[in-house]
Amino acid sequence: MKAAVLESLDNIVVKEIPTPKCDVNDILVKVKACAVCGSDIRIVHSGNNRVEFPQTLGHEMSGEVVEVGDHVTKFKPGDRVAIGADVPCGDCVFCKAGIGNNCQINYAMGYQFAGGFAEYVLLNQTVVNYGPVQKIPDHVSFDEAALAEPLGCVLNALELTPVKLNDVVVLIGAGPIGMMLCEVAKKMGASKVILINRSQPRLDIAQKLGVADVYVCGANEDIVERVLAETEGLGADVIFTSCPSPQAQVDAINMAKNRARINFFGGLPKNNSMVTLDTNIIHYKELFVSGAHGAMPIHHQQAVDLIATGKIDVKKFLTHSFKLDDINEAFKTAENHSGLRVVVNPS
């Protein structure tokens with residue numbers, strides 16, 4: 001089969017490799033769509049301690065089951081499926097507690113297990129039994145189904161940091177996931193959603209899509225002062241940082257209302273993750289600060305359901321598609337922020 005293999009840092013090579021063989025507990029999926037995530041870009045440039053070269057990346061994917069092992073009963077050839085990233089091991093204390101995204105082994109597609117930037121992907125016994133693999137209805141396109149993975153991450157974050165009726169919600173970072181957070185926050189009853197980004201072009205896209213109520217460009221004005229002005233000086237009820245910016249985390253604390261809920265959704269670069277916060281603000285305002293990492297299979301299923309019922313329209317976030325041979329161009333397009341979600345269609 002043809003696959004895009006990360007041979008070393010900054011070196012993705014499209015080449016022929018052996019098609020995976022399906023064991024009795026495995027399933028083989030013909031990949032129809034695999035989206036480029038920001039974490040894929042970070043792995044290409046900086047690596048990851050869970051990724052050994054050579055490896056096929058890609059964890060936001062969908063496809064068609066073409067072969068199942070003799071012991072597999074959950075799936076059959078012809079099933080259309082969406083596949084997510086985080087795979088619980090099923091045995092550790094966290095997996096048994098139902099929070100597999102906190103699994104200490106931390107398996108994931110496109111990390112320890114070969115991912116979706118290939119014509120076929122093998123789902124092993126652990127993925128089949130415990131992982132985020134959901135059947136999708138015929139009316140949901142494969143490109144849409146691939147976005148169930150990032151939408152599932154959004155649902156996990158909103159479960160940890162819920163939005164209540166009439167809350168003012170701030171999203172710092174106008175990438176596709178930031179925009180998804182805006183969409184779901186509105187559905188949950190937010191009275192005002194404020195989307196902040198450091199540059200204008202992404203905000204212009206977001207405004208055309210109508211994902212928020214207020215759009216603030218950090219290059220043009222003080223974002224903390226603007227949020228306070230939008231909230232009569234009280235601050236926002238809920239704040240998500242959906243960007244890899246230490247300053248965004250500082251700003252989130254400073255724009256928070258008393259007893260606000262703050263989620264550091266976007267991870268920081270490993271060489272720039274130490275942030276100085278005025279913890280007296282957290283103390284005296286009684287703030288609730290948390291993080292969110294990945295998602296559990298239940299969130300992936302919920303995301304598929306939201307897409308299938310039309311409650312969340314992810315088509316608006318799909319702006320570019322590329323053939324597998326053009327994967328390096330796909331990564332460049334995703335990295336330069338000229339659009340939103342970039343999808344590779346291997347077959």
Side-chain angles (χ1 to χ4, degrees), residues 97-99 101-102 148 150-197 206-207 209-216 223-243 248-266 277-279 281-296 298-307 309-314 317:
I99 48 175
N101 60 324
N102 286 272
L151 181 56
C153 296
V154 165
L155 298 180
N156 176 51
L158 283 162
E159 183 176 291
L160 293 165
T161 309
V163 172
K164 300 176 182 178
L165 285 175
N166 296 321
D167 277 344
V168 175
V169 179
V170 171
L171 281 301
I172 306 177
I177 290 185
M179 294 187 200
M180 287 184 190
L181 279 161
C182 289
E183 291 263 302
V184 183
K186 279 188 171 186
K187 298 287 185 182
M188 295 177 74
S191 62
K192 181 186 287 187
V193 174
I194 303 170
L195 180 60
I196 297 171
N197 203 56
Q207 193 157 8
L209 297 177
V211 299
D213 302 302
V214 178
Y215 303 86
V216 181
I223 64 173
V224 175
E225 290 183 1
R226 178 62 185 276
V227 170
L228 293 176
E230 292 284 342
T231 56
E232 299 181 348
L234 294 176
D237 299 287
V238 184
I239 305 158
F240 292 90
T241 61
S242 58
C243 56
Q249 296 185 353
V250 176
D251 291 338
I253 297 293
N254 290 324
M255 64 176 63
K257 186 179 181 180
N258 289 51
R259 292 216 165 192
R261 302 175 297 284
I262 300 164
N263 192 300
F264 294 159
F265 180 89
L277 300 175
D278 185 347
T279 59
I281 299 175
I282 299 172
H283 171 70
Y284 287 110
K285 283 193 171 184
E286 297 188 331
L287 303 181
F288 298 88
V289 182
S290 64
H293 166 253
M296 290 172 281
I298 183 62
H299 299 125
H300 190 241
Q301 178 64 71
Q302 291 168 347
V304 169
D305 292 342
L306 288 172
I307 294 168
T309 57
K311 290 183 172 64
I312 300 295
D313 177 17
V314 296
F317 305 120

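The structure displayed is predicted, hence computed values, not measured ones.
For the salt bridge (charged side-chain N to carboxylate O under 4.0 Å, His left out) test, residues two or more places apart in sequence or in another chain that qualify with D213 are K186. With sequence neighbours excluded, the residues satisfying salt bridge (charged side-chain N to carboxylate O under 4.0 Å, His left out) with E286 are R259.
Between I262 and A256, the closest heavy-atom pair is CD1-CB, 3.8 Å. Contact detail for G178 and S242: the closest heavy-atom pair is CA-OG, 3.5 Å. Residues F264 and A252 come closest through the heavy atom pair CE2-CB, 4.5 Å. The two residues E183 and F317 have their closest heavy-atom pair at CG-CZ, 4.0 Å. The two atoms that bring A174 and M179 nearest to each other are O-CE, 3.1 Å, heavy atoms only. Taking every heavy atom of both residues into account, L195 and A206 meet most closely at CD2-CB, 3.5 Å.
Distance check: C182 SG to I194 CD1 gives 10.0 Å after rounding to the nearest 0.5 Å. The CD1 atom of I223 sits 4.5 Å away from the CD1 atom of I196 when rounded to the nearest 0.5 Å. Annotation: the span from K311 atom NZ to K187 atom NZ amounts to 8.5 Å, rounded to 0.5 Å. Here F265 contributes atom CZ and T161 contributes atom OG1; the two are 10.5 Å apart, rounded to the nearest 0.5 Å. Rounding to the nearest 0.5 angstrom, the gap separating the CZ atom in F240 from the CG atom in L160 is 9.0 Å. One distance of note links NZ of K285 with CG of N254; it measures 8.0 Å at 0.5 Å rounding.
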Distance-only criterion, 3.5 Å: show the donor-acceptor pairs between side-chain atoms of residues 164-172 and protein atoms not counting sequence neighbours.
unit_1: D167; atom_1: OD2; unit_2: K164; atom_2: N; d: 2.7
unit_1: D167; atom_1: OD2; unit_2: R261; atom_2: NH2; d: 2.5

V227 and I239: CA distance, side-chain angles, deciding distance, side chain to side chain contact (heavy atoms under 4.5 Å, CB included) verdict: CA-CA 11 Å; V227 170; I239 305 158; over 6 Å; no
Trace of the side chain to side chain contact (heavy atoms under 4.5 Å, CB included) decision for K257 with T231: CA-CA 9 Å; K257 186 179 181 180; T231 56; over 6 Å; no
Side chain to side chain contact (heavy atoms under 4.5 Å, CB included), that's the test. Do D278 and I253 meet it? Break it down for me. CA-CA 8 Å; D278 185 347; I253 297 293; 5.7 Å; no
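With a 4.5 Å cut-off on side-chain heavy atoms, V214 and V216 count as touching.
Between the N156 side chain and the G294 main chain, a donor and an acceptor come within less than 3.5 Å of each other.
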